[in-house]
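Everything numeric here is computed off the predicted structure, so don't read it as measured data. Below, read A as the first sequence line, B as the second, and so on, with proteins coming before strands; counting in each chain starts at 1.
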Amino acid sequence: MNYWLMKSEPDEFSIDDLRQRKTEPWSGVRNYQARNFMRAMRAGDGVLFYHSSCAEPGVAGVASVVASAYPDPTQFDPKSDYFDAKSTRAEPRWSLVDVKFKRKLKRVLALTELKDRRELDGFALVRAGNRLSVLPVTRAQWDFILSLEGTAA
DNA sequence: GCCAACGTTGGC
DNA sequence: GCCAACGTTGGC
């Protein structure tokens with residue numbers, strides 16, 4: 001079992017939206033590195049749900065991967081913002097996984113708080129200039145981050 | 001709204 | 001295959 005972090009702008013799709021929808025296809029990722037991480041995901045993998053580009057960026061919930069990656073249908077839809085004219089059904093360029101709601105954290109674990117923790121030195125999320133929307137998390141990082149939930153901010 | 005950090009594109 | 005220009009991400 002592996003662990004990941006996935007970013008979403010809460011104005012677009014928040015942890016509360018995921019709770020309502022229960023599962024959601026993670027469409028629209030158009031970055032090769034992020035795509036490759038999704039292709040490496042397997043059913044049951046853990047996901048930290050991260051709120052980005054908002055008042056309080058940080059980890060807001062826990063989700064899990066439903067099944068292995070499959071082609072992102074929005075790449076074939078000319079009406080979609082994510083349409084990719086260079087992608088073919090025979091050789092789809094973009095993949096996605098379905099993500100399932102597990103729980104909302106009791107409080108948002110803020111990026112500023114995560115940056116202060118030496119335990120997370122080297123974690124891609126807290127490195128300067130990180131723009132990846134999907135990134136791997138080690139078991140140790142996963143355990144440490146979730147252990148912060150029960151502490152004061 | 002600014003800007004740093006990158007990824008992508010396209011001319012050569 | 002290089003690299004400048006351009007676009008996007010995302011924190012602040």
Going by ring pair (Phe, Tyr, Trp, His ring centres under 6.0 Å), name the pairs with one or both residues in [range], residues two or more places apart or in two chains.
range	answer
residues 7-33 of chain A	A:Trp26-A:Phe49, A:Tyr32-A:Trp94
residues 66-86 of chain A	none
residues 114-134 of chain A	none

Residue pairs, two or more places apart or on separate chains, that pass salt bridge (Lys or Arg N to Asp or Glu O under 4.0 Å) and touch [range]:
range	answer
residues 43-58 of chain A	none
residues 4-27 of chain A	A:Asp16-A:Arg19, A:Asp16-A:Lys104, A:Arg21-A:Glu24
residues 129-153 of chain A	A:Arg103-A:Glu149, A:Lys106-A:Glu149, A:Arg139-A:Asp143

Test side-chain contact (heavy atoms from CB on, under 4.5 Å) applied to A:Val134 - qualifying residues, sequence neighbours left out: A:Met6, A:Val29, A:Ala34, A:Phe37, A:Met38, A:Met41
Whole-Å distance separating the CD atom of A:Gln33 from the C1' atom of B:dA5: 14 Å
Atom-to-atom span, CZ of A:Arg35 to C1' of B:dT8 - whole angstrom: 14 Å
Listing time: all N or O pairs from protein to nucleotides 9-12 of chain C that are below 3.5 Å?
| unit_1 | atom_1 | unit_2 | atom_2 | d |
| --- | --- | --- | --- | --- |
| C:dT9 | O3' | A:Arg131 | O | 3.4 |
| C:dG10 | OP1 | A:Lys7 | NZ | 3.3 |
| C:dG10 | OP1 | A:Arg131 | O | 3.0 |
| C:dG11 | OP1 | A:Tyr50 | OH | 2.8 |
| C:dG11 | OP2 | A:Ser53 | N | 2.9 |
| C:dC12 | OP1 | A:Lys115 | NZ | 3.1 |

Would A:Arg39 and A:Ser95 count as having a side-chain donor-acceptor pair, cut-off 3.5 Å? yes
Distances for protein N/O vs nucleotides 2-4 of chain C N/O pairs under 3.5 angstrom?
none

